[in-house]
Amino acid sequence: MNSEPSTDDAKFRYGAALAEQIELKWQQIWSDQGTHQTPNPTGKLAADDTLDPARKLFVMDMFPYPSGSGLHVGHPLGYIASDVYSRYMRMKGKVVLHPFGFDAFGLPAEQYAIETGQHPAITTEQNIANMRRQLGRLGLNHDPRRAISTADPKFYRWTQWIFLQLFNSWCDPATGQARPVSDLIAEFEQGSREPKSETNPENRPWSELDDVTKRRVIDSYRLAFQSEAPVNWCPGLGTVLANEEVTTDGRSQVGNYPVYRRRMKQWMLRITAFADRLLSDLDSLDWTESLKTMQRNWIGRSVGADIRFQADAGSGIQVFTTRPDTLFGATFLVLAPEHPLVKELTADEWPQETPDEWKGTAQFGAETAASPRSAVTAYVEQTARVSDRQRQAETSKTAVFLGSYAVNPVSGEKMPILISDYVLVGYGTGAIMAVPAHDQRDYELATEINLPLVPVVRPDEQWLSEHEGAVADRPATWGEAFHADGTLVNSHGTGISLDGLGTDEAKDRVASWLEESGLGARRITYKLRDWLFSRQRYWGEPFPIVYDETGLPIALPESQLPVELPPMTDFRPQAVGEDEDPKAPLSRAPGFEHVELDLGDGLREYRRETNTMPQWAGSCWYYLRYLDPDNDQCFVDPDVEKFWMAGTGEDGRIGGVDLYIGGVEHAVLHLLYSRFWHKVLFDLGHVSTPEPFQRLYNQGYILADAFTNSNGRYVPALEVEETPDGPTYQGEPVKRHYGKMGKSLKNSISPDEIYQSYGADTLRMYEMVMGPLDVDRPWQPDDIVGVYRFLQRLWRNVVNEDTGALRAEAPTLAADDALYKLTHRTISEVTGYFDDMRFNVAIARMIELNNALTQFVQRENAFPREAVEALVLMTFPLASHVSSELWERLGHQDRIDDVAFPAADPDALQEDSITIPVTLNNKPRGTITIAKDADQEGAMAAAQQLENVAGLMEGQDVVRVVFVPGKILNIVTKPQK
RNA sequence: GCGGGCGUGGCGAAAUGGCAUACGCGGCAGGUUUAGGUCCUGUUGGUGGAGACACCGUGCGGGUUCAAAUCCCGCCGCCCGCACCA
């Protein structure tokens, strides 16, 4: 394959060398003249003149982490798109903010540093420099003054500040909004609110509590709080991870290491308190439906009821169910193996006549199954070995009976209590009432180990007929649970009867009954869990938190921010034993953990928090820092924030970033976390919109061939050779795959190669012409010449390739000239396509115009200025350097950056006559050219002139004529009798 | 299993009810050139025909309509997300 274009024989042909010369020249000019600096309404970056808020447009990319392997051609796809769009919008008169930065803290950067044995501060800096160079070569129009890095203390000072906002806030359940903790304390002191009982077991009034208890109570309300809970522990990374960072098969997203469940005390953020708003506010956003669906699924709202069951021991077992209507059919209870009541409810001996299936005999052997305690212990240990996600693999259900019973409050029946790993401790209450006749999972367990089934919803006849051998009142014959709605049966007891009711009515009746009798209440639960926010890693934001002798956390005052990350030479995470708590690297930093501080009551000793914040902390709010990057008084000036974020009111927009472009992989990570932080900042009055990102656009991925060897490992795609027997690597046959370009598939292609062969403008244009922006597309290097030739021809139409001089200029085009009309029609269409970010079709139209222009120039040996300038201006957002160069060569003193996008001449779009197809019985038979306002008779008359049509109509009766002005003439005929 | 999306030439793709395949790549033929490349011109869905043309053709089957790639119903295939969530 010869991908190298030949060296140009014409000295001034637009080739790779000339393109590079032009590109570097204009990048220098842009940098020298500050072309891409966007003014602010006020502050350090303020403009000389006032800015019109109605014209503002905030266009942003998801910023990258500074990868060590540099950029591949898949990375800049979104960056180019946002660049093209922002340049276009600027030409359309918008004041466009288009910034760029680096997500420099976090696991990927730290893992890279460990691999290379260098300090992350150094590798991060190097990687940022390298990525800046590669991106700079693309000529992106980012405002250089607003470049940010989340690992910069001037940046993370404010990340820490926002953390303190969370720490110093609580969520008022009455309004669902964040409020300052000081309000909470005031309410306690006034007696208008009673402390929750969990932290105040004796329910003593606030004024009688000692200081430490008061602090405990308050801490339990905070949006940032510490909690001892089962977490995702990843020994391979030496840290805990958020649920969102664990893959479906129970491994870490970064590094693909196994993840285990383990109880640890960690920092959590109370995102669950905002679940409802995170869900309902999705409706107001201009995001794709599939992305909204992903967030909705992740939040996972379900409506039901809590029910408390009285058990042999303890104060009762609380369960959550979405089907309270089936309460009479609840024949046993199942707890998660980790449920706190398991120990208490485990009996010393098996009750008489306990079936062997309930004892786990088959699983653990007769010896272990000899007592409830040993069987339960064995079962709990077994489930602890695998992660939540792995537990969900499709295997037959297992369970162990605790040896104790509860009572069904409506039927009065005895219900055995079991533990099973299909009940998850983190969802609902960690316990369920099993209704085996009407829940598939319960059905499977009940039939597996022989538990009683009671039908309480009568299956309909159709369902019964579809299930062979199914008898309505014998669920064991059904083969599966009947979980649809229906009519209640077998559901009457003392004080309540549901027989004959429909599902919805019955749900309502039971819920009311539960509330009246004090046995339960209506409740809504979410799959979303609180966000585990601490990591036992080095390369992240330190917490602005210290501990005093009580061990309770204390927020550092704002004046002591930032808490800088101390320099360390050995910053690796430490391996620890199974029962040992991991030690965060910062605890080894000399002089960091134990400090003497004056927090207002004199110098005292404190212990610093040594965990760091996760990857996502900086990206939760970075878009706000772009607005006011140098402000050292606050995280963003309120007036500046309002200017860029406020909704324009257009199309009911509520405000936020006007266009946010990025990959779909952040659907439930960054995008959910960020929305959460933004809502807290909104509630506290720090930002003016309830949502951060009004419009979100997911660009597709660039795909490329990838190859695996016989071990299933990926081999470098660039070194694979194509042979008649298939692809080979180092002589060995390899298997071809196809996937997202990137490091993991070893199929990256560097943009540097494309710059060398064609230049950056060609690369920009190629990435935009490949296909629709939101669709995955294969990297096809052979196709690049298409847009390269386009730019070459455009250049040649203006510049004499041999001399470098401007070609002769043709006289002004007449208004009825075909090229004039095509020019304006193209402007009109391209404008629409740019507005919709359909750059591939816009480019196709430009190529058509350029082809027509080329013929004109060849014929006349001169170029028509209108057509050329329109093309140069339309090309500018895409191929900015060569367009700038041509604009200058065309004799313009003004910068093309400041020129308005061309407007179509409305007269040129008006055609006096139009050509439409004629179909006879729906078969195309030719075209007619008729007056624009011709009527059906006129069209028919013209059609009769067509030899074809006239001939075929001979001997036919016209049954119907469909004339759609401007579209078609269809004549329906049938043979004459 | 549930939810969402997609299926059009040799390839990337246009057309969102009105001439299917715009534009680009690749192919074929010709011109320029010592030659190759570059560049330029023509041509390029399939079948038949010398040709004008004719018939067929948007995953498969049905439907609505004067008219369907497009709308509706049912299959098939691929991709993405979720997945024991009580």
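Residue numbers start from 1 in every chain, and the chains themselves are labelled A, B, ... in the order their sequence lines are given, proteins ahead of strands.
- For A:D783, taking side-chain heavy atoms from C-beta onward, the closest of the listed nucleotides B:A86, B:G18, B:G12 is B:G12.
- A salt bridge is absent between A:R777 and A:E767; no separation between the charged side-chain nitrogens and carboxylate oxygens falls under 4.0 Å.
- A:E801 pairs in a side chain to side chain donor-acceptor pair (under 3.5 Å) with only one of the listed residues (A:R807, A:Q792, A:R13), which is A:R13.
- The residue among A:G300 and A:E289 whose nearest nucleotide of RNA chain B is located toward the 5' end is A:E289.
- Within the nucleic acid shown, A:V972 comes within 4.0 Å of sugar-phosphate atoms alone, with no base atom in reach, counting heavy atoms only.
- Counting to the nearest Å, the P atom of B:C66 and the CG atom of A:N921 are 13 Å from each other.
- Among the nucleotides B:A14, B:C23, B:G26, the one closest to any side-chain atom of A:V785 is B:G26.
- For B:G7, the glycosidic angle deviates from 0 by more than 90°, giving an anti base.
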Let me have a per-nucleotide readout for nucleotides 39-44 of chain B, 5' to 3', with B, S or -, counting only protein heavy atoms under 4.0 Å.
SSS---
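- The separation between A:E244 atom CD and B:C82 atom C1' is 14 Å, rounded to whole Å.
- Checked against B:G3, B:C23, B:A86, the side chain of A:T293 finds its nearest nucleotide in B:G3.
- Using the six-membered ring where Trp is involved, A:Y788 and A:Y14 have ring planes that are tilted, between 30° and 60° apart.
- Nearer the 5' end of RNA chain B, as judged by each residue's closest nucleotide, is the contact made by A:P778, out of A:I784 and A:P778.
- Look at B:G17: it lacks any Watson-Crick or wobble partner with both distances under 3.5 angstrom.
- Judged by Watson-Crick or G-U wobble contacts below 3.5 Å, the nucleotide B:A22 has no partner.
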Intermediate values then yes/no, ring-ring contact (aromatic ring centres under 6.0 Å, His included), A:F839 and A:F834
CA-CA 6 Å; A:F839 304 125; A:F834 268 141; 5.6 Å; yes
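- B:C11 sits 33 Å from B:G3 when the P atoms are compared, rounded to a whole Å.
- The shortest distance between side-chain heavy atoms of A:R793 and A:L853 does not fall below 4.5 Å.
- Note on A:R296: every side-chain N or O is 4.0 Å or more away from OP1 and OP2 of B:C2.
- Applying the ring pair (Phe, Tyr, Trp, His ring centres under 6.0 Å) rule to A:Y379 yields no partners; only residues at least two apart in sequence or on another chain are considered.
- Base pairing annotation: B:C55 forms a Watson-Crick or G-U wobble pair with B:G46, both donor-acceptor distances under 3.5 Å.
- Among the atoms of the strands shown, only primed sugar atoms or phosphate atoms (P, OP1, OP2) are found under 4.0 Å from some heavy atom of A:R838.
- Using the Watson-Crick or G-U wobble rule with both distances under 3.5 Å, B:C39 pairs with B:G31.
- Taking atom C1' in both B:G74 and B:G26, one finds a spacing of 39 Å when rounded to whole Å.
- With both ends at atom C1', the span from B:G45 to B:G57 equals 8 Å, rounded to whole Å.
- Across the protein-nucleic acid pair, A:D705 atom CG and B:G12 atom P stand 12 Å apart, rounded to whole Å.
- Picking from B:C66, B:A86, B:A14 the nucleotide with the shortest atom distance to the side chain of A:S302 gives B:A86.
- Per the geometry, CG belonging to A:N850 stands 13 Å off C1' belonging to B:G24, to the nearest Å.
- Per the geometry, OH belonging to A:Y701 stands 15 Å off C1' belonging to B:G5, to the nearest Å.
- Among the heavy atoms of the strands lying under 4.0 Å from A:P924 are primed sugar atoms or P, OP1, OP2 only; no base atom is included.
- Set against B:A54, B:G4, B:G81, the side chain of A:R925 has B:A54 as its closest nucleotide.
- Distances shorter than 4.0 Å separate some side-chain N or O of A:N840 from OP1 or OP2 on B:A14.
- B:G59 sits 14 Å from B:G12 when the P atoms are compared, rounded to a whole Å.
- Per the geometry, OH belonging to A:Y422 stands 22 Å off P belonging to B:G1, to the nearest Å.
- Between the base of B:C66 and the side chain of A:N970 there is a donor-acceptor pair shorter than 3.5 Å.
- A salt bridge between A:R845 and A:E829 is present, with a side-chain N of the basic residue lying under 4.0 Å from a carboxylate O of the acidic one.
- Summarising the base pairing, B:C71 is matched to B:G63 through a Watson-Crick or G-U wobble pair whose two defining distances lie under 3.5 Å.
- Between B:A35 and B:A20, the two C1' atoms lie 42 Å apart (nearest whole Å).
- Looking at heavy atoms from C-beta onward, A:L451 lies in side-chain contact with A:P416 at the 4.5 angstrom threshold.
- For A:K923 and B:C56, the shortest distance from a side-chain N or O to OP1 or OP2 is below 4.0 Å.
- Residue contacts shown for A:T288 are absent, as no nucleic acid heavy atom lies under 4.0 Å away.
- A:Y758 has its OH atom 11 Å from the P atom of B:C25, to the nearest Å.
- With 3.5 Å as the limit, one finds a donor-acceptor pair spanning the side chains of A:Y422 and A:D442.
- Across every strand in view, B:G77 sits in a pair with B:C6 that passes the Watson-Crick or G-U test at under 3.5 angstrom.
- Only the P atoms considered, B:G17 is 14 Å distant from B:A68, to the nearest whole Å.
- In this structure A:W779 satisfies the ring pair (Phe, Tyr, Trp, His ring centres under 6.0 Å) test together with A:Y766, sequence neighbours excluded.
- Rounded to a whole angstrom, the distance from the P atom of B:U8 to that of B:A86 is 38 Å.
- Atom C1' of B:G31 sits at a distance of 28 Å from the matching atom of B:G9, rounded to the whole Å.
- For B:C66, the OP1/OP2 oxygens have a side-chain nitrogen or oxygen of A:R960 closer than 4.0 Å.
- Atom pair A:N297:CG and B:G81:P shows a separation of 13 Å (rounding to whole Å applied).
- Side chain of A:V775, nearest nucleotide from B:A13, B:C11, B:A22: B:A13.
- Distance from the side chain of A:R777 is smallest to B:A13 among B:A13, B:A86, B:C66.
- Taking 4.5 Å as the limit, every side-chain heavy atom of A:R925 sits out of range of all side-chain heavy atoms of A:I971.
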